[in-house]
Amino acid sequence: MHASATQPRAADLLAWYDRHRRVLPWRALPGEQADPYRVWVSEIMLQQTTIAAVKPYFERFMVRFPSVEALAAAPSESVMQAWAGLGYYSRARNLHACAKAVADQHGGRFPDTEEGLRALPGIGAYTSGAVAAIAFDRPTVAVDGNVERVITRLFAIEDEMPSAKPLIRERVLALLSLERPGDFAQALMDLGATICTPRSPACGLCPWREPCRARIEGMQESFPRKAVKKTGKTRYGAAFVTMREDGAVLVRTRPARGLLGGMVEVPGSDWRADYELDDALRDAPVSAGWRRLMLPVRHVFTHFPLELTVFAGRVPLETEAPEGMRFTPFHRLKEEAFPNVFLKALEAGLEELQRP
DNA sequence: CAACCGTGGGG
DNA sequence: TCCCCAAGGTT
(Lines give C-alpha, C1' and ligand atoms only; values in the text may rest on other atoms or scores of the structure.)
Protein backbone atom coordinates (compact mmCIF):
# COMPACT_ATOMS: atom_id res chain seq x y z
CA MET A 1 0.00 0.00 0.00
CA HIS A 2 1.37 3.37 -1.00
CA ALA A 3 1.29 6.24 1.42
CA SER A 4 -1.62 8.29 0.21
CA ALA A 5 -1.80 12.04 0.64
CA THR A 6 -3.24 12.94 4.00
CA GLN A 7 -4.25 16.26 5.45
CA PRO A 8 -1.60 18.16 7.39
CA ARG A 9 -2.42 18.41 11.08
CA ALA A 10 -1.04 20.74 13.74
CA ALA A 11 -0.76 17.78 16.10
CA ASP A 12 1.87 16.12 13.90
CA LEU A 13 3.89 19.32 13.77
CA LEU A 14 3.64 19.84 17.53
CA ALA A 15 4.67 16.25 18.25
CA TRP A 16 7.75 16.82 16.10
CA TYR A 17 8.40 20.12 17.87
CA ASP A 18 8.22 18.51 21.30
CA ARG A 19 11.09 16.24 20.31
CA HIS A 20 13.19 18.58 18.17
CA ARG A 21 12.61 22.12 19.36
CA ARG A 22 15.68 24.28 19.44
CA VAL A 23 16.98 25.79 22.66
CA LEU A 24 17.43 29.52 22.14
CA PRO A 25 18.37 32.29 24.59
CA TRP A 26 15.06 34.11 24.16
CA ARG A 27 12.90 31.01 24.12
CA ALA A 28 11.18 29.73 27.26
CA LEU A 29 11.74 26.15 28.31
CA PRO A 30 8.77 23.79 28.02
CA GLY A 31 6.12 24.76 30.54
CA GLU A 32 7.67 28.15 31.24
CA GLN A 33 6.11 31.46 30.27
CA ALA A 34 8.15 33.49 27.83
CA ASP A 35 9.27 37.00 28.80
CA PRO A 36 7.56 39.46 26.41
CA TYR A 37 10.54 41.83 26.53
CA ARG A 38 13.02 39.17 25.52
CA VAL A 39 10.69 37.78 22.87
CA TRP A 40 10.14 41.23 21.42
CA VAL A 41 13.84 42.15 21.31
CA SER A 42 14.70 38.81 19.72
CA GLU A 43 11.98 39.15 17.09
CA ILE A 44 13.19 42.59 16.07
CA MET A 45 16.81 41.42 15.92
CA LEU A 46 15.85 38.34 13.93
CA GLN A 47 14.14 40.31 11.19
CA GLN A 48 16.07 39.37 8.04
CA THR A 49 18.94 38.27 10.26
CA THR A 50 20.31 34.83 11.09
CA ILE A 51 20.22 33.31 14.57
CA ALA A 52 24.01 32.99 14.56
CA ALA A 53 24.38 36.72 13.96
CA VAL A 54 21.77 37.65 16.56
CA LYS A 55 22.88 35.51 19.51
CA PRO A 56 25.88 37.56 20.70
CA TYR A 57 24.01 40.81 20.15
CA PHE A 58 21.04 39.55 22.10
CA GLU A 59 23.13 38.45 25.07
CA ARG A 60 24.98 41.77 25.25
CA PHE A 61 21.76 43.68 24.78
CA MET A 62 20.07 41.94 27.70
CA VAL A 63 22.98 42.75 30.00
CA ARG A 64 23.04 46.35 28.89
CA PHE A 65 19.26 46.86 28.79
CA PRO A 66 17.74 44.31 31.18
CA SER A 67 14.19 45.65 30.95
CA VAL A 68 11.98 47.70 28.70
CA GLU A 69 12.23 50.54 31.21
CA ALA A 70 16.02 50.43 31.10
CA LEU A 71 15.92 50.50 27.32
CA ALA A 72 13.44 53.36 27.29
CA ALA A 73 15.63 55.39 29.63
CA ALA A 74 18.84 54.81 27.67
CA PRO A 75 20.29 57.49 25.38
CA SER A 76 19.80 56.75 21.71
CA GLU A 77 23.57 56.72 21.08
CA SER A 78 23.85 53.84 23.50
CA VAL A 79 21.13 51.90 21.70
CA MET A 80 22.62 52.54 18.27
CA GLN A 81 26.03 51.48 19.51
CA ALA A 82 24.60 48.24 20.87
CA TRP A 83 23.08 47.62 17.44
CA ALA A 84 26.12 48.59 15.38
CA GLY A 85 27.01 45.79 12.97
CA LEU A 86 23.58 44.14 12.97
CA GLY A 87 22.29 46.15 10.02
CA TYR A 88 18.88 47.61 9.18
CA TYR A 89 19.38 50.40 11.68
CA SER A 90 15.83 51.70 11.47
CA ARG A 91 15.05 48.63 13.56
CA ALA A 92 17.13 50.07 16.40
CA ARG A 93 15.52 53.48 16.14
CA ASN A 94 12.04 51.94 16.11
CA LEU A 95 13.00 49.58 18.94
CA HIS A 96 13.95 52.52 21.10
CA ALA A 97 10.78 54.42 20.19
CA CYS A 98 8.74 51.32 20.96
CA ALA A 99 10.37 50.88 24.36
CA LYS A 100 9.54 54.48 25.23
CA ALA A 101 5.95 53.99 24.13
CA VAL A 102 5.59 50.84 26.22
CA ALA A 103 7.20 52.49 29.25
CA ASP A 104 5.33 55.79 28.99
CA GLN A 105 1.95 54.82 27.58
CA HIS A 106 1.49 51.21 28.67
CA GLY A 107 2.94 51.25 32.17
CA GLY A 108 5.95 49.20 31.15
CA ARG A 109 3.87 46.25 29.96
CA PHE A 110 3.59 45.17 26.35
CA PRO A 111 0.10 45.04 24.89
CA ASP A 112 -1.02 41.40 24.96
CA THR A 113 -2.99 41.42 21.73
CA GLU A 114 -1.91 41.33 18.12
CA GLU A 115 -3.73 44.59 17.38
CA GLY A 116 -2.21 46.38 20.35
CA LEU A 117 1.28 45.26 19.43
CA ARG A 118 0.79 46.08 15.77
CA ALA A 119 0.26 49.75 16.65
CA LEU A 120 3.77 50.08 18.09
CA PRO A 121 6.76 51.32 16.07
CA GLY A 122 8.73 48.64 14.28
CA ILE A 123 6.10 45.98 14.89
CA GLY A 124 4.38 44.83 11.72
CA ALA A 125 2.21 41.94 10.63
CA TYR A 126 4.77 39.27 11.43
CA THR A 127 6.16 40.55 14.72
CA SER A 128 2.77 41.38 16.22
CA GLY A 129 1.63 37.84 15.56
CA ALA A 130 4.86 36.34 16.84
CA VAL A 131 4.87 38.24 20.15
CA ALA A 132 1.13 37.75 20.67
CA ALA A 133 1.39 34.01 20.10
CA ILE A 134 4.76 33.29 21.71
CA ALA A 135 4.69 35.63 24.71
CA PHE A 136 0.93 35.69 25.38
CA ASP A 137 -0.28 32.48 23.78
CA ARG A 138 -2.86 34.36 21.76
CA PRO A 139 -4.50 32.26 19.04
CA THR A 140 -2.79 33.86 16.06
CA VAL A 141 -0.02 33.09 13.62
CA ALA A 142 3.41 34.49 12.76
CA VAL A 143 4.03 34.28 9.03
CA ASP A 144 7.69 34.83 8.23
CA GLY A 145 9.91 33.61 5.42
CA ASN A 146 10.16 30.15 6.97
CA VAL A 147 6.42 29.79 7.20
CA GLU A 148 5.94 31.05 3.66
CA ARG A 149 8.34 28.41 2.43
CA VAL A 150 6.73 25.59 4.44
CA ILE A 151 3.20 26.51 3.44
CA THR A 152 3.84 27.15 -0.25
CA ARG A 153 5.47 23.71 -0.40
CA LEU A 154 2.84 21.99 1.69
CA PHE A 155 0.06 23.19 -0.63
CA ALA A 156 2.17 23.67 -3.78
CA ILE A 157 1.07 27.29 -4.02
CA GLU A 158 2.05 28.51 -7.47
CA ASP A 159 1.37 32.21 -6.96
CA GLU A 160 4.50 34.32 -6.91
CA MET A 161 5.61 36.10 -3.79
CA PRO A 162 4.57 38.45 -2.39
CA SER A 163 1.09 38.17 -3.96
CA ALA A 164 0.68 34.73 -2.37
CA LYS A 165 0.86 36.18 1.14
CA PRO A 166 -2.91 36.44 1.80
CA LEU A 167 -3.47 32.85 0.70
CA ILE A 168 -0.55 31.65 2.81
CA ARG A 169 -1.91 33.37 5.88
CA GLU A 170 -5.31 31.83 5.25
CA ARG A 171 -3.78 28.36 5.11
CA VAL A 172 -1.76 28.86 8.29
CA LEU A 173 -4.80 30.11 10.17
CA ALA A 174 -6.70 27.01 9.06
CA LEU A 175 -3.93 24.82 10.48
CA LEU A 176 -3.47 26.76 13.72
CA SER A 177 -3.63 24.86 16.96
CA LEU A 178 -5.92 26.71 19.33
CA GLU A 179 -4.47 24.77 22.24
CA ARG A 180 -0.84 25.75 21.66
CA PRO A 181 -0.59 28.82 19.45
CA GLY A 182 2.81 29.86 20.81
CA ASP A 183 4.35 26.46 20.23
CA PHE A 184 2.64 26.24 16.85
CA ALA A 185 4.27 29.49 15.73
CA GLN A 186 7.70 28.41 16.90
CA ALA A 187 7.29 24.89 15.56
CA LEU A 188 6.50 26.19 12.09
CA MET A 189 9.60 28.38 12.14
CA ASP A 190 11.80 25.59 13.51
CA LEU A 191 10.53 23.30 10.79
CA GLY A 192 11.37 25.85 8.12
CA ALA A 193 14.78 26.56 9.59
CA THR A 194 15.93 22.99 10.16
CA ILE A 195 13.95 20.67 7.86
CA CYS A 196 12.10 22.63 5.20
CA THR A 197 15.19 24.62 4.24
CA PRO A 198 15.50 26.71 1.07
CA ARG A 199 17.89 24.22 -0.55
CA SER A 200 18.03 20.47 -0.06
CA PRO A 201 15.15 20.19 2.41
CA ALA A 202 15.24 17.10 4.62
CA CYS A 203 11.83 15.85 3.54
CA GLY A 204 12.48 12.39 4.95
CA LEU A 205 12.51 13.84 8.46
CA CYS A 206 9.50 16.11 8.01
CA PRO A 207 6.36 15.49 10.06
CA TRP A 208 4.35 16.71 7.07
CA ARG A 209 6.16 14.68 4.40
CA GLU A 210 3.02 12.71 3.53
CA PRO A 211 0.60 15.58 2.93
CA CYS A 212 3.21 17.84 1.31
CA ARG A 213 2.06 18.51 -2.25
CA ALA A 214 5.41 19.85 -3.39
CA ARG A 215 7.27 16.77 -2.17
CA ILE A 216 4.76 14.46 -3.80
CA GLU A 217 5.47 16.22 -7.08
CA GLY A 218 9.23 16.25 -6.41
CA MET A 219 9.20 20.02 -6.76
CA GLN A 220 9.87 21.08 -3.16
CA GLU A 221 12.90 23.22 -3.98
CA SER A 222 10.96 25.30 -6.49
CA PHE A 223 8.75 26.82 -3.80
CA PRO A 224 8.07 29.55 -2.94
CA ARG A 225 7.79 31.00 -6.42
CA LYS A 226 9.67 34.25 -6.65
CA ALA A 227 10.49 36.76 -9.34
CA VAL A 228 14.20 37.40 -9.79
CA LYS A 229 15.18 40.74 -8.39
CA LYS A 230 17.76 42.96 -9.98
CA THR A 231 20.74 44.44 -8.18
CA GLY A 232 21.50 48.15 -8.31
CA LYS A 233 24.43 49.77 -10.02
CA THR A 234 27.71 50.06 -8.15
CA ARG A 235 28.21 53.39 -6.44
CA TYR A 236 31.55 54.99 -5.71
CA GLY A 237 32.79 57.45 -3.16
CA ALA A 238 35.65 58.61 -0.95
CA ALA A 239 36.16 58.26 2.81
CA PHE A 240 38.70 60.21 4.85
CA VAL A 241 40.43 58.75 7.87
CA THR A 242 41.83 61.76 9.67
CA MET A 243 44.12 61.26 12.65
CA ARG A 244 45.19 64.07 14.92
CA GLU A 245 48.66 63.99 16.47
CA ASP A 246 47.22 62.67 19.73
CA GLY A 247 45.57 59.77 17.91
CA ALA A 248 42.04 61.16 17.89
CA VAL A 249 40.04 60.42 14.73
CA LEU A 250 37.58 62.70 12.95
CA VAL A 251 34.01 61.34 12.84
CA ARG A 252 30.46 62.55 12.46
CA THR A 253 26.93 61.25 12.99
CA ARG A 254 24.82 60.58 9.92
CA PRO A 255 21.33 62.05 9.54
CA ALA A 256 18.70 60.17 11.52
CA ARG A 257 16.81 58.88 8.49
CA GLY A 258 17.83 56.98 5.41
CA LEU A 259 20.80 54.74 4.76
CA LEU A 260 22.73 53.98 7.97
CA GLY A 261 20.61 56.66 9.64
CA GLY A 262 21.78 57.80 13.04
CA MET A 263 25.01 55.85 12.81
CA VAL A 264 28.56 57.19 13.03
CA GLU A 265 30.86 57.53 10.02
CA VAL A 266 34.20 58.87 8.98
CA PRO A 267 33.69 61.94 6.78
CA GLY A 268 33.39 61.27 3.08
CA SER A 269 31.81 62.14 -0.23
CA ASP A 270 28.38 61.30 -1.57
CA TRP A 271 28.11 57.84 -3.09
CA ARG A 272 27.24 57.99 -6.75
CA ALA A 273 27.51 55.78 -9.82
CA ASP A 274 29.40 58.57 -11.59
CA TYR A 275 31.64 59.73 -8.76
CA GLU A 276 34.89 61.20 -10.09
CA LEU A 277 37.75 59.96 -7.95
CA ASP A 278 40.12 62.48 -9.50
CA ASP A 279 38.20 65.24 -7.74
CA ALA A 280 37.91 63.38 -4.44
CA LEU A 281 40.09 65.75 -2.43
CA ARG A 282 37.52 68.53 -2.81
CA ASP A 283 35.36 66.36 -0.53
CA ALA A 284 38.06 66.18 2.17
CA PRO A 285 36.90 67.50 5.55
CA VAL A 286 40.23 69.22 6.32
CA SER A 287 43.50 69.78 4.53
CA ALA A 288 46.11 67.14 5.15
CA GLY A 289 48.80 65.24 3.37
CA TRP A 290 46.30 62.72 2.08
CA ARG A 291 47.51 59.29 1.10
CA ARG A 292 45.16 57.40 -1.17
CA LEU A 293 44.83 53.68 -0.49
CA MET A 294 45.11 51.70 -3.68
CA LEU A 295 42.67 48.99 -2.61
CA PRO A 296 39.13 50.38 -2.26
CA VAL A 297 36.82 49.13 0.47
CA ARG A 298 34.07 47.05 -1.09
CA HIS A 299 30.73 46.67 0.58
CA VAL A 300 27.37 45.31 -0.55
CA PHE A 301 24.16 46.89 0.63
CA THR A 302 20.74 45.42 0.00
CA HIS A 303 20.12 47.44 -3.12
CA PHE A 304 23.57 48.45 -4.39
CA PRO A 305 27.27 47.59 -4.17
CA LEU A 306 29.69 50.24 -2.95
CA GLU A 307 33.34 50.92 -3.68
CA LEU A 308 34.80 53.34 -1.20
CA THR A 309 38.24 54.77 -1.84
CA VAL A 310 39.97 55.57 1.44
CA PHE A 311 42.24 58.53 2.01
CA ALA A 312 44.33 58.67 5.18
CA GLY A 313 46.05 61.68 6.64
CA ARG A 314 47.50 63.16 9.80
CA VAL A 315 46.68 66.64 11.07
CA PRO A 316 48.26 68.86 13.77
CA LEU A 317 47.06 68.85 17.36
CA GLU A 318 45.50 72.28 17.05
CA THR A 319 43.25 71.21 14.17
CA GLU A 320 39.61 71.95 14.90
CA ALA A 321 36.81 69.65 13.84
CA PRO A 322 34.70 71.18 11.04
CA GLU A 323 31.05 72.01 11.68
CA GLY A 324 29.06 68.89 12.51
CA MET A 325 32.15 66.74 13.09
CA ARG A 326 34.17 65.80 16.15
CA PHE A 327 37.44 64.17 17.10
CA THR A 328 37.04 60.92 19.01
CA PRO A 329 39.95 59.81 21.22
CA PHE A 330 41.57 56.71 19.78
CA HIS A 331 40.71 54.50 22.75
CA ARG A 332 37.03 55.41 22.45
CA LEU A 333 36.67 54.50 18.79
CA LYS A 334 35.30 51.12 19.77
CA GLU A 335 32.43 52.82 21.56
CA GLU A 336 31.25 54.60 18.45
CA ALA A 337 28.25 53.27 16.51
CA PHE A 338 30.11 52.50 13.29
CA PRO A 339 28.34 50.40 10.69
CA ASN A 340 30.58 47.77 9.18
CA VAL A 341 31.33 49.67 6.01
CA PHE A 342 32.99 52.41 8.07
CA LEU A 343 34.78 49.93 10.27
CA LYS A 344 36.34 48.58 7.09
CA ALA A 345 37.32 52.05 5.93
CA LEU A 346 38.65 52.96 9.36
CA GLU A 347 40.69 49.80 9.64
CA ALA A 348 42.21 50.32 6.21
CA GLY A 349 42.99 53.98 6.91
CA LEU A 350 44.54 53.34 10.30
CA GLU A 351 46.72 50.60 8.90
CA GLU A 352 47.96 52.96 6.21
CA LEU A 353 48.78 55.60 8.81
CA GLN A 354 50.94 53.14 10.74
CA ARG A 355 53.26 52.76 7.77
CA PRO A 356 56.29 55.04 7.59
C1' DC B 1 3.14 48.71 -4.04
C1' DA B 2 7.66 48.69 -5.14
C1' DA B 3 11.68 50.72 -3.36
C1' DC B 4 14.40 51.30 0.46
C1' DC B 5 17.02 49.48 4.23
C1' DG B 6 22.82 45.79 6.22
C1' DT B 7 25.27 42.06 6.93
C1' DG B 8 27.34 37.50 7.03
C1' DG B 9 27.27 32.83 5.72
C1' DG B 10 26.28 28.79 2.82
C1' DG B 11 26.20 26.31 -1.48
C1' DT C 1 33.38 34.44 -7.17
C1' DC C 2 28.76 34.85 -7.25
C1' DC C 3 24.23 34.43 -5.82
C1' DC C 4 20.79 33.67 -2.58
C1' DC C 5 18.86 34.67 1.45
C1' DA C 6 17.67 35.14 6.99
C1' DA C 7 12.19 35.15 12.58
C1' DG C 8 10.30 42.28 7.91
C1' DG C 9 8.80 47.19 8.47
C1' DT C 10 8.12 51.67 6.59
C1' DT C 11 7.06 54.82 3.07
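Each chain gets a letter, A, B and so on, in the order its sequence line appears, and its residues count up from 1.
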For [X] and [Y], which I'm curious about, is there any donor-acceptor pair between the side chains at under 3.5 Å?
| X | Y | result |
| --- | --- | --- |
| A:T328 | A:E336 | yes |
| A:R91 | A:Q47 | no |
| A:Y236 | A:E276 | no |

For residues 68-80 of chain A, which side-chain donor-acceptor pairs fall under 3.5 Å, sequence neighbours excluded?
from: A:E69; atom 1: OE1; to: A:S67; atom 2: OG; distance (Å): 3.4
from: A:S78; atom 1: OG; to: A:R64; atom 2: NE; distance (Å): 3.3
from: A:S78; atom 1: OG; to: A:R64; atom 2: NH2; distance (Å): 3.0

How many Å lie between [atom1] on [X] and [atom2] on [N], as a whole number?
| X | N | atom1 | atom2 | answer |
| --- | --- | --- | --- | --- |
| A:K226 | C:dC4 | NZ | C1' | 9 Å |
| A:E221 | B:dG10 | CD | C1' | 14 Å |
| A:F338 | B:dT7 | CZ | P | 13 Å |
| A:W83 | B:dT7 | CH2 | C1' | 13 Å |
| A:R199 | C:dC5 | CZ | C1' | 7 Å |
| A:R298 | C:dT1 | CZ | P | 10 Å |

(message) Same cluster or not: A:F223 versus A:L175, using hydrophobic residues (I, L, V, M, F, W, Y) connected whenever any side-chain heavy atoms lie under 4.5 Å apart?
(response) no

(message) One pair to check against side chain to side chain contact (heavy atoms under 4.5 Å, CB included): A:V41 and A:F61. What are the steps and the verdict?
(response) CA-CA 9 Å; A:V41 171; A:F61 205 89; 3.9 Å; yes

(message) Near DNA chain B, counting only heavy atoms under 4.0 Å, which residues of residues 262-272 of chain A show up?
(response) none

(message) Does anything in residues 118-145 of chain A come within less than 4.0 Å of DNA chain B? Heavy atoms only, and list the residues if so.
(response) none

Tell me what [X] touches on the nucleic acid: a base, only sugar-phosphate, or nothing, going by heavy atoms under 4.0 Å.
| X | value |
| --- | --- |
| A:L24 | base |
| A:R149 | sugar-phosphate |
| A:W26 | base |

(message) Show, in sequence, the C-alpha distance, side-chain angles and deciding distance for A:E245 and A:R314, and conclude whether the salt bridge (Lys or Arg N to Asp or Glu O under 4.0 Å) test is met.
(response) CA-CA 7 Å; A:E245 278 178 26; A:R314 295 182 182 277; over 6 Å; no

(request) Not counting sequence neighbours, list each pair that qualifies as a salt bridge (Lys or Arg N to Asp or Glu O under 4.0 Å) and has a residue in residues 193-204 of chain A. (result) none

(message) Taking the nucleotide of DNA chain B with the nearest heavy atom to each, does A:V341 or A:S200 sit closer to the 5' end?
(response) A:V341

(message) Quick check with a 6.0 Å cut-off and a 45 degree axis cone: is A:R213 positioned over the face of A:F155's six-membered ring?
(response) no

What protein N or O atoms touch nucleotides 2-6 of chain B N or O atoms at under 3.5 angstrom, if any, and at what distances?
from: B:dC5; atom 1: OP1; to: A:L259; atom 2: N; distance (Å): 3.4
from: B:dC5; atom 1: OP2; to: A:H303; atom 2: NE2; distance (Å): 2.4
from: B:dG6; atom 1: OP1; to: A:Y88; atom 2: N; distance (Å): 3.4
from: B:dG6; atom 1: OP1; to: A:Y89; atom 2: N; distance (Å): 2.9
from: B:dG6; atom 1: OP2; to: A:L260; atom 2: N; distance (Å): 2.5
from: B:dG6; atom 1: O4'; to: A:Y88; atom 2: N; distance (Å): 3.1
from: B:dG6; atom 1: N7; to: A:Y88; atom 2: OH; distance (Å): 3.4
from: B:dG6; atom 1: N7; to: A:T302; atom 2: OG1; distance (Å): 2.3
from: B:dG6; atom 1: O6; to: A:Y88; atom 2: OH; distance (Å): 2.9
from: B:dG6; atom 1: N1; to: A:Q48; atom 2: O; distance (Å): 3.0
from: B:dG6; atom 1: N2; to: A:Q48; atom 2: O; distance (Å): 3.1
from: B:dG6; atom 1: N2; to: A:T49; atom 2: OG1; distance (Å): 3.0

Can I get a per-line list of side-chain donor-acceptor pairs under 3.5 Å for residues 296-304 of chain A, giving both atom names and the distance, sequence neighbours left out?
from: A:R298; atom 1: NH1; to: A:E307; atom 2: OE2; distance (Å): 2.5
from: A:H299; atom 1: ND1; to: A:K344; atom 2: NZ; distance (Å): 2.9
from: A:T302; atom 1: OG1; to: A:Y88; atom 2: OH; distance (Å): 3.3

(request) Could you check A:F110, A:F58, A:W26 and say which one makes a ring pair (Phe, Tyr, Trp, His ring centres under 6.0 Å) with A:W40? (result) A:F110

